[in-house]
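Here is the structure we will look at.
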Amino acid sequence: MRIYLDNAATTKMSRTAVDAMLPYLDTVYGNPSSLHSAGQEAAEALDNARERIAKCLGCPGKEIIFTSGGSEADNQAILSAARAGARKGKKHIITTAFEHHAVLHTLKKLEREGFEVTLLGVHEDGIVLPEQVDDAIREDTCLVTVMYANNEIGTIQPIKAIGGICRDRGVTFHTDAVQAAGHLHIDVKEQNIDMLSLSAHKFHGPKGIGALYARKGISLEALIEGGAQERGKRAGTENIPAIMGMAAALEEACGSIDENARKLSALRDKLIEGLSEIPHSILNGDAFRRLPGNVNFCFEGIEGESLLLLLDDKGICASSGSACTSGSLDPSHVLLAIGRVHDIAHGSLRLTLSEENTEEEIAYTVRAVKEAVEYLRGMSPVWRALISGEQEFIIK
Amino acid sequence: MALYSEKVMEHFRHPRNVGVIENADGIGEVGNAKCGDIMKIYLKIEDGIIEDAKFETFGCASAIASSSMATELIKGKPVSEASALTNKAVAEALDGLPAHKVHCSVLAEEAIKKALQDYYGKLSEGV
Ligand SMILES: Cc1ncc(COP(=O)(O)O)c(C=O)c1O
Ligand SMILES: [Zn+2]
């Protein structure tokens with residue numbers, strides 16, 4: 001038995017996505033750049049996929065370029081806006097403290113090249129306020145990049161309002177929508193988004209494929225030089241099977257966003273309710289303004305990696321923001337950003353659902369987590385110090 | 001390949017010597033919650049022999065397995081042998097640890113050394 005609760009890490013491909021790919025792994029193998037009929041057949045498929053993906057985002061197909069995934073899209077969006085800014089003497093970028101490393105590490109690189117980066121703090125509820133963005137914009141700001149929904153704690157950011165501020169102030173706005181695409185409604189025009197990144201494997205599509213939306217008028221720089229694919233913005237023969245799988249998966253997901261959200265948020269809330277019964281536990285991130293499938297808790301007195309492994313023994317696949325799972329000495333920067341101190345950030349557990357999960361699985365998971373937390377607390381010197389009153393509880 | 005050896009997983013799943021020794025002759029606590037691993041070792045010592053060793057650990061599988069193995073390795077041994085226990089010996093007895101997890105096993109060696117210091121400290125106070 002396996003209960004997969006790590007859908008923020010990656011998802012299982014949908015049957016629809018697999019079926020959409022098969023012909024392009026098999027009989028339709030032409031190179032879209034070739035002029036012969038086999039090539040043109042592939043070129044047509046590529047156009048068709050681009051249009052369908054664009055439609056899900058509310059933009060024309062020519063505003064979409066295909067990338068190798070979310071990381072590449074983030075890198076390209078940020079580096080492009082930075083280069084365009086630098087040409088006008090604008091070298092200031094605004095982002096948040098809890099972005100994905102694809103964003104943060106790209107910005108670190110720009111800092112080394114002389115850019116100045118403002119990291120906006122995140123409130124304890126895991127949400128950045130539009131006013132914070134407004135206050136941080138300067139004469140020399142060339143880019144604001146704020147994620148649509150956080151990958152660890154699932155909190156949804158006020159994207160439309162932030163986009164509106166950026167539009168008014170004449171600053172390019174990028175959003176990493178890797179966790180949102182296919183799960184939340186997106187309309188790039190209505191939401192004032194200039195650039196948006198997405199990744200197929202987070203919505204039941206294949207791995208290693210993603211897309212970058214860039215509004216007409218935004219200048220993009222190629223990260224990969226070579227042929228003229230993707231209007232010269234991304235060289236390399238297109239991964240047609242993956243692109244077809246991504247288009248099918250996104251279409252399918254976007255066609256059932258409301259239905260899926262209803263189902264998932266009901267399961268999510270059951271899970272949250274069950275885990276809240278564990279004493280000295282706390283939900284990370286706002287309880288309502290979060291992805292329908294995201295649950296993230298801290299349990300005081302225990303460490304997350306051992307919790308993960310115990311759950312794995314019980315057939316449950318989960319994730320943690322503890323330092324020992326990341327291989328660094330610090331726990332998750334996201335949990336630190338929302339004000340969780342080290343002591344309890346190490347004891348975090350993320351469970352992320354998909355449409356395939358059932359109520360029985362949730363009930364089983366609640367029982368399993370309760371048992372595992374109790375067991376680990378039983379051997380924890382920290383827990384002993386807490387219950388004996390030697391040390392004060394951080395989570396009341 | 002799995003992250004941990006079978007031996008590590010076995011000690012993690014069924015840790016030996018978990019618990020507390022009342023009126024222990026030596027107690028050593030190392031690590032802190034900031035780095036994510038804390039280990040506390042309790043020793044019962046008679047005539048220079050480690051009669052019993054118990055531990056409590058807050059930490060990852062590597063930290064828990066190292067505590068379990070380290071207490072196994074010193075039980076019944078003379079104090080001089082216990083104080084010579086190295087983290088390398090603990091890791092080897094566990095059939096190795098992933099490179100980025102070695103720091104978790106260092107705590108076992110340090111906790112035992114600290115518990116023995118505590119023991120010697122108490123001894124000299126008693127004189
Ligand atoms: C918010 C966010 N951005 C970017 C990425 C990177 O996407 P990919 O794995 O497709 O490179 C991820 C996934 O890990 C993510 O969750
Ligand atoms: Zn560790």
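Everything quoted here is computed from the prediction, not taken from an experiment. These values consider heavy atoms only, across backbone and side chains, with no hydrogens, waters or symmetry-generated copies. Letters A, B, ... are given to chains in the order of the sequence lines, protein chains preceding strands, and every chain is numbered from 1.
Using a 4.5 Å cut-off between heavy atoms, Arg377(A) does not touch chain B at all. Heavy-atom distances place both the backbone and the side chain of Leu310(A) under 4.5 Å from chain B. If you measure heavy-atom distances from Ile38(B) to chain A, the contacts under 4.5 Å come from both the backbone and the side chain.
Counting heavy-atom pairs closer than 4.5 Å to chain A, the top-ranked of the candidates Ala61(B), Ser62(B), Ala63(B) is Ala61(B). Comparing Leu376(A), Ile344(A), Asp313(A), Leu307(A) by heavy-atom pairs within less than 4.5 Å of chain B, the highest count is held by Asp313(A).
Note that the CG atom of Leu3(B) and the CD atom of Glu305(A) stand 6.5 Å from one another [nearest 0.5 Å]. Phe58(B) CZ to Met379(A) CE: the interatomic distance, rounded to the nearest 0.5 Å, is 13.0 Å. If you take CG on Leu308(A) and SG on Cys60(B), they are separated by 11.5 Å, rounding to the nearest 0.5 Å.
Under the side chain to side chain donor-acceptor pair (under 3.5 Å) criterion, Glu300(A) pairs with no residue at all, not counting sequence neighbours.
Of the possible polar contacts, one joining the Ser306(A) side chain to the Gly59(B) backbone as a donor-acceptor pair under 3.5 Å is found.
Nearest approach of Tyr375(A) to Phe12(B), heavy atoms of both residues: OH-O, 4.2 Å.
More than 12 heavy atoms of other residues, nucleotides or ligands shown are found within 6.0 angstrom of CD on Glu51(B). The 12-atom threshold is not exceeded at CD of Glu374(A), counting heavy atoms of other residues, nucleotides or ligands nearer than 6.0 Å.
Looking at Glu56(B) and Val382(A), their side chains never come closer than 4.5 Å, going by heavy atoms from C-beta outward.
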